[in-house]
Amino acid sequence: MAVDADVLLDWFSTHGRDLPWREPECSAWGVLVSEIMLQQTPVARVQPIWHEWMARWPVPSALAASSQGEVVRAWGKLGYPRRALRLHEAAGVIARDHGDVVPSDVDTLLALPGIGAYTARAVAAFAYGLRAPVVDTNVRRVVARAVHGAGDAGPASNTRDMNDVEALLPAEDAPAARFSAAIMELGALICTARSPRCADCPIYDECAWQLAGKPEYAGPAKPVQKFAGTDRQVRGLLLDVLRGSEGPVEKARLDLVWHDGGQRDRCLDSLLVDGLLEQTSGGLFALPGEH
DNA sequence: CATACGTGGCC
DNA sequence: TGGCCAAGTAT
């Protein structure tokens, strides 16, 4: 067996981080909020915002009662602000249709906006202690190395990846849920993308990659995400003006953030389409609901 | 299946 | 300096 569950669980007990959303008293809502915030955003940047949200919006109905604009503003610079809008919408559904209780059933979770294959199972496992294959980028990398002996994970394949993890999971709910947290943590702390710390790895002796002599990753190169000069950058600049402003602003104010007028207007339009901005009757621009 | 979608830190 | 990377989802 390429990943000994008992060994991994022991390692997690002594080396796992004490993250606030892992505290036993953390609510399922707290777990859900953390999972959404952690999508593509590092733990260090999520922590302070997560604490603010838990204090301000301790239950889904509290978040749902706030305006979209307040939520986008409180999202700050975590990035991908559509996540904030989707979480706000999900909170409304949970409050209205699920008695203000975050669902534990994977299919019910999948039906909520912003919750996909990873997050649905992460909530089932981490908030409710259920057995579900939780596959994120960390887990995919650990499996690629420890199980398949490859230098890194190739392109994601949801079905195949979940089957791989399913095969490693302990049979019972509680150990399986803890295993899921542990294997993610191993990928985050030890089996990292760059410079893996194999000397500190609890499953080094059974790791297929190590046993194969740590061959270089041979798969297709991952597409590099450009940022400078892209619409993503311009959208970010535009939205940041509104986050830093008390109320609606004139278009002239937004025109200052980017030189290319065509791109600027295209991005402004896409933000309106996404519902991240709204135009007032007076032609000003505002965060949704803040006018 | 590929691509769009923020932001910032690290080597 | 600039590419790479960070608990993905929706289309």
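Below, read A as the first sequence line, B as the second, and so on, with proteins coming before strands; counting in each chain starts at 1.
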Contact class for A/Ile36 (heavy atom, under 4.0 Å): base, sugar-phosphate, or nothing?
-> nothing
Any luck finding a side-chain donor-acceptor pair between A/Tyr118 and A/Gln39 under 3.5 Å?
-> no
Can you tell me, in whole Å, how much space there is between the P of C/dA7 and that of B/dT3?
-> 22 Å
Heavy atoms under 4.0 Å, any strand shown: does A/Ala193 hit a base, just sugar-phosphate, or nothing?
-> sugar-phosphate
C/dT11 to B/dG6 separation - P atoms, rounded to the nearest Å | 14 Å
Do any side-chain nitrogens or oxygens of A/Gln40 fall under 4.0 Å of OP1 or OP2 in C/dG8?
-> yes
With the side chain defined as heavy atoms from C-beta on, A/Arg194 is closest, among B/dC5, C/dC4, C/dG8, to C/dC4
Using the side-chain contact (heavy atoms from CB on, under 4.5 Å) rule, take A/Glu278 and A/Leu287 through it: C-alpha gap first, then chi angles, then the decisive distance, then the call.
-> CA-CA 6 Å; A/Glu278 287 177 354; A/Leu287 290 177; over 6 Å; no
Side-chain contact check for A/Pro42: nearest option of C/dA6, C/dG8, C/dA7 is C/dA6
Kindly point out which of B/dC5, C/dA7, B/dG6 is positioned nearest to the side chain of A/Pro81?
-> B/dG6
Stepwise side chain to side chain donor-acceptor pair (under 3.5 Å) check, A/Arg232 with A/Gln225 | CA-CA 11 Å; A/Arg232 285 206 323 292; A/Gln225 278 237 63; 3.3 Å; yes
Give one of base, sugar-phosphate or nothing for A/Trp21, where a contact means two heavy atoms less than 4.0 Å apart.
-> base
Under 4.0 angstrom, heavy atoms only, what part of the nucleic acid is A/Ala156 near: base, sugar-phosphate, or nothing?
-> nothing
Result for 5'-nearest mapping on DNA chain B, choosing between A/Phe227 and A/Ser157, is A/Ser157
First of A/Gly236 and A/Pro223 reached from the 5' end of DNA chain B, by closest nucleotide = A/Pro223
Would you mind classifying the nucleic acid contact of A/Arg121 as base, sugar-phosphate or nothing, using non-hydrogen atoms under 4.0 angstrom?
-> nothing
Using a heavy-atom cut-off of under 4.0 Å over every strand shown, decide if A/Pro155 touches base, sugar-phosphate, or nothing.
-> nothing
Heavy atoms under 4.0 Å, any strand shown: does A/Gln233 hit a base, just sugar-phosphate, or nothing?
-> nothing
Identify whether any heavy atom of A/Arg140 sits under 4.0 Å from a base atom; if not, whether one sits that close to sugar-phosphate; answer base, sugar-phosphate or nothing.
-> nothing
Measure up the A/His15 and A/Trp11 rings against each other and bin them: parallel (under 30°), tilted (30 to 60°), perpendicular (over 60°).
-> parallel
Let me know the distance between CG of A/Leu85 and C1' of B/dC5, rounded to the nearest Å.
-> 13 Å
A/Arg235 near the nucleic acid: base, sugar-phosphate alone, or nothing, with a heavy-atom cut-off under 4.0 Å?
-> sugar-phosphate
A/Arg178 versus A/Ser13, side-chain donor and acceptor atoms under 3.5 Å | yes
Going by modelled atom types, is there a donor-acceptor pair between the base of C/dT9 and the side chain of A/Arg83 at under 3.5 Å?
-> no
Can you tell me if the side-chain N/O atoms of A/Lys77 get under 4.0 Å from OP1 or OP2 in B/dG8?
-> yes
Check every strand shown and say whether A/Gly116 touches a base, only sugar-phosphate, or nothing at a heavy-atom separation below 4.0 Å.
-> sugar-phosphate
Could you check whether A/Lys226 gets within reach of a base, just the sugar-phosphate, or nothing at all, counting any heavy atom under 4.0 Å?
-> sugar-phosphate
Do A/Arg141 and A/Asn138 have side-chain atoms, one donor and one acceptor, less than 3.5 Å apart?
-> yes
Examine the base of C/dG8 for any acceptor or donor lying under 3.5 Å from a partner atom in the side chain of A/Thr137, and report the outcome as yes or no.
-> no
With the side chain defined as heavy atoms from C-beta on, A/Arg232 is closest, among B/dC5, B/dT7, C/dT9, to B/dC5
Could you check whether A/Asp274 gets within reach of a base, just the sugar-phosphate, or nothing at all, counting any heavy atom under 4.0 Å?
-> nothing
With a non-hydrogen cut-off below 4.0 angstrom, is A/Arg86 in contact with a base, only sugar-phosphate, or nothing?
-> sugar-phosphate
Using a heavy-atom cut-off of under 4.0 Å over every strand shown, decide if A/Thr119 touches base, sugar-phosphate, or nothing.
-> sugar-phosphate
Please measure how far the C1' atom in C/dA6 lies from the corresponding atom in B/dC1, and state the result in whole Å.
-> 23 Å
Given the side-chain rings of A/Trp57 and A/Trp29, with only the six-membered ring counted for Trp, is the space between their centroids under 6.0 Å?
-> no
